[in-house]
Asker: 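Next up is a structure, given as structure tokens.
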Amino acid sequence: MKILFFAYPHYADFEIAHTLFFLKKAGKADVTTVTVDGKSVESLGGLVVAPQLALAEVNPSEYDLVLISGGDGVEEVMDEPLVHDLLQKAHANQVPIAAICASAVLLAKAGLLKGVKFTCLPHTHEHFREAFADAGYTGAKVHAGEAFITAKGTAFAEFTVAVGEKLGMWQSREAAERSLRFCKGEV
């Protein structure tokens, strides 16, 4: 399984930490990190991430999933044509995109949420209301559709399980429930 993780300055590392952990541990995934320009970025938690590729070097059809965290820096990349191109190509090639919290605006700015249900935190929806004008905001913890998985930034446990379900990672419903409990600290 091949995962493409798009990192940008001040992405919320905590929102996708469990997802990345289970992708590697349970899914035995090969995760490729990409940034807009191929240069390192620093997360909200201060992690400096050195990518393997720049967006211009990526063929999204070679991946099983595109993973994007939310974060304070989403506004720095939301109007970047290379981001729009990546997401549009992934969607055109039926590569699922998992976007938590503020990263849903990247889907909207790429023109992919027109008439599509999605979720994020209420203040994120309000802040980017114009970008989300043609989309169907649900307000749910997680919304898993055919093409996209979106989630509130506080629903990272549920997001992890939804990503695992989309990729067929859980061997049973019990395995998915154990993973959810693990992410919530209930194990």
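Position 1 is the first residue of the sequence, and the numbers go up from there.
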Asker: Could you pull out all donor-acceptor pairs under 3.5 Å where a side-chain atom in residues 144-157 meets a protein atom, sequence neighbours excluded?
Answerer:
from   : atom 1 : to     : atom 2 : distance (Å)
Thr150 : OG1    : Thr119 : N      : 2.9
Lys152 : NZ     : Gly139 : O      : 3.0

Asker: Considering all heavy atoms of both residues, which atom of Val142 and which atom of Ala162 are nearest to each other, and what is their separation?
Answerer: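 For Val142 versus Ala162, the nearest heavy atoms are CG1-CB, 3.8 Å.
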
Asker: Below 3.5 Å, can you tabulate the donor-acceptor pairs from side chains in residues 82-90 to any protein atom, sequence neighbours excluded?
Answerer:
from  : atom 1 : to     : atom 2 : distance (Å)
His84 : NE2    : Met78  : O      : 2.7
Asp85 : OD2    : Lys89  : NZ     : 3.1
Gln88 : NE2    : Ala110 : O      : 2.8

Asker: Does anything in residues 114-136 form a salt bridge (Lys or Arg N to Asp or Glu O under 4.0 Å)? List the pairs, not counting sequence neighbours.
Answerer: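 Sorted result for residues 114-136: Glu126-Arg129.
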
Asker: Would you compute the distance between atom CG of Leu53 and atom CG of Leu4 and round it to the nearest 0.5 angstrom?
Answerer: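 The distance works out to 8.0 Å.
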
Asker: Decide yes or no on side-chain contact (heavy atoms from CB on, under 4.5 Å) for Leu23 and Leu167, but give the supporting numbers first.
Answerer: CA-CA 9 Å; Leu23 283 167; Leu167 296 171; 3.5 Å; yes

Asker: side-chain contact (heavy atoms from CB on, under 4.5 Å), that's the test. Do Tyr8 and Glu76 meet it? Break it down for me.
Answerer: CA-CA 8 Å; Tyr8 54 87; Glu76 293 179 44; over 6 Å; no

Asker: For residues 40-57, which residue pairs qualify under side chain to side chain donor-acceptor pair (under 3.5 Å), counting only residues two or more places apart or in two chains?
Answerer: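 Those involving residues 40-57 are Asp13-Ser43.
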
Asker: Which residues pass the side chain to side chain contact (heavy atoms under 4.5 Å, CB included) test with Asp79, sequence neighbours left out?
Answerer: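 Here the qualifying residues are Lys109.
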
Asker: Do Val74 and Leu121 belong together in a cluster built from hydrophobic side chains that touch within less than 4.5 Å?
Answerer: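 In one cluster: no.
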
Asker: So which pairs with a foot in residues 18-37 pass side chain to side chain donor-acceptor pair (under 3.5 Å), sequence neighbours left out?
Answerer: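 Listed once each, the pairs are Thr19-Thr160.
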
Asker: Indicate if Leu47 and Val77 have the same hydrophobic cluster label, given that clusters are the connected sets of ILVMFWY residues with side-chain heavy-atom separations under 4.5 angstrom.
Answerer: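 No, separate clusters.
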
Asker: So which atom in Gly38 and which in Pro51 form the shortest heavy-atom distance, rounded to 0.1 Å?
Answerer: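 That would be O-CG, 3.3 Å.
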
Asker: Determine, step by step, whether Phe118 and His143 satisfy the ring pair (Phe, Tyr, Trp, His ring centres under 6.0 Å) criterion, reporting the C-alpha distance in whole Å, the side-chain angles of both residues, the deciding distance to 0.1 Å, and the verdict.
Answerer: CA-CA 6 Å; Phe118 81 102; His143 185 82; 8.6 Å; no

Asker: Report all side-chain donor-acceptor pairs from residues 178-187 shorter than 3.5 Å, counting only partners two or more places apart or in another chain.
Answerer:
from   : atom 1 : to     : atom 2 : distance (Å)
Arg178 : NH1    : Glu174 : OE2    : 2.9
Ser179 : OG     : Ala175 : O      : 2.9
Lys184 : NZ     : Glu158 : OE2    : 3.2

Asker: Which residues satisfy the side chain to side chain contact (heavy atoms under 4.5 Å, CB included) test with Ala12, sequence neighbours excluded?
Answerer: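 Ala12 satisfies side chain to side chain contact (heavy atoms under 4.5 Å, CB included) with Phe14, Glu15, Leu44, Ser69 only.
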
Asker: Run the ring pair (Phe, Tyr, Trp, His ring centres under 6.0 Å) test against Tyr11 and tell me which residues pass, sequence neighbours left out.
Answerer: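 Tyr11 satisfies ring pair (Phe, Tyr, Trp, His ring centres under 6.0 Å) with Phe5 only.
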
Asker: Pair up each side-chain donor or acceptor in residues 58-67 with any protein partner under 3.5 Å, not counting sequence neighbours, and list the distances.
Answerer:
from  : atom 1 : to    : atom 2 : distance (Å)
Asn59 : OD1    : Ser61 : N      : 3.1
Asn59 : OD1    : Ser61 : OG     : 2.7
Asn59 : ND2    : Ser61 : OG     : 3.4
Asp64 : OD2    : Lys2  : N      : 2.6

Asker: Quick check for you: to the nearest 0.5 Å, what is the distance between Leu113 atom CG and Leu107 atom CG?
Answerer: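 Taking CG in Leu113 and CG in Leu107, the distance rounds to 5.0 Å.
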
Asker: Can you check whether Trp170 reaches Glu177 side chain to side chain, under 4.5 Å on heavy atoms?
Answerer: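 They are not in contact (no side-chain heavy atoms under 4.5 Å apart), so the answer is no.
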
Asker: Is Ile68 close to Ile100 at the side-chain level, that is, under 4.5 Å between some pair of heavy atoms?
Answerer: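 The answer is no, as the side chains (C-beta and beyond) never meet within the 4.5 Å cut-off.
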
Asker: Is there any ring pair (Phe, Tyr, Trp, His ring centres under 6.0 Å) pair reaching into residues 31-62, and which pairs are they, with sequence neighbours excluded?
Answerer: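 Pairs touching residues 31-62 that pass the test: none.
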
Asker: For Glu165, give me all partners under salt bridge (Lys or Arg N to Asp or Glu O under 4.0 Å), at least two apart in sequence or on another chain.
Answerer: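 If we apply the salt bridge (Lys or Arg N to Asp or Glu O under 4.0 Å) test to Glu165, skipping adjacent residues, the hits are Arg173.
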
Asker: Are Val31 and Leu20 close enough, and set up right, to give a side-chain contact (heavy atoms from CB on, under 4.5 Å), and what steps lead you there?
Answerer: CA-CA 8 Å; Val31 177; Leu20 288 168; 4.1 Å; yes

Asker: Any non-hydrogen side-chain atom of Val163 less than 4.5 Å from a side-chain atom of Phe22?
Answerer: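 Counting from C-beta outward, Val163 and Phe22 never come under 4.5 Å.
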
Asker: Please give me the minimum heavy-atom distance between Cys120 and Cys101, naming the atom from each residue.
Answerer: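 Answer, listing the atom of Cys120 first, then Cys101: CB-O, 3.6 Å.
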
Asker: Could you grab the distance from atom CD of Gln94 to atom NE2 of His91, nearest 0.5 Å is fine?
Answerer: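 Going from CD on Gln94 over to NE2 on His91, the span is 8.5 Å.
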
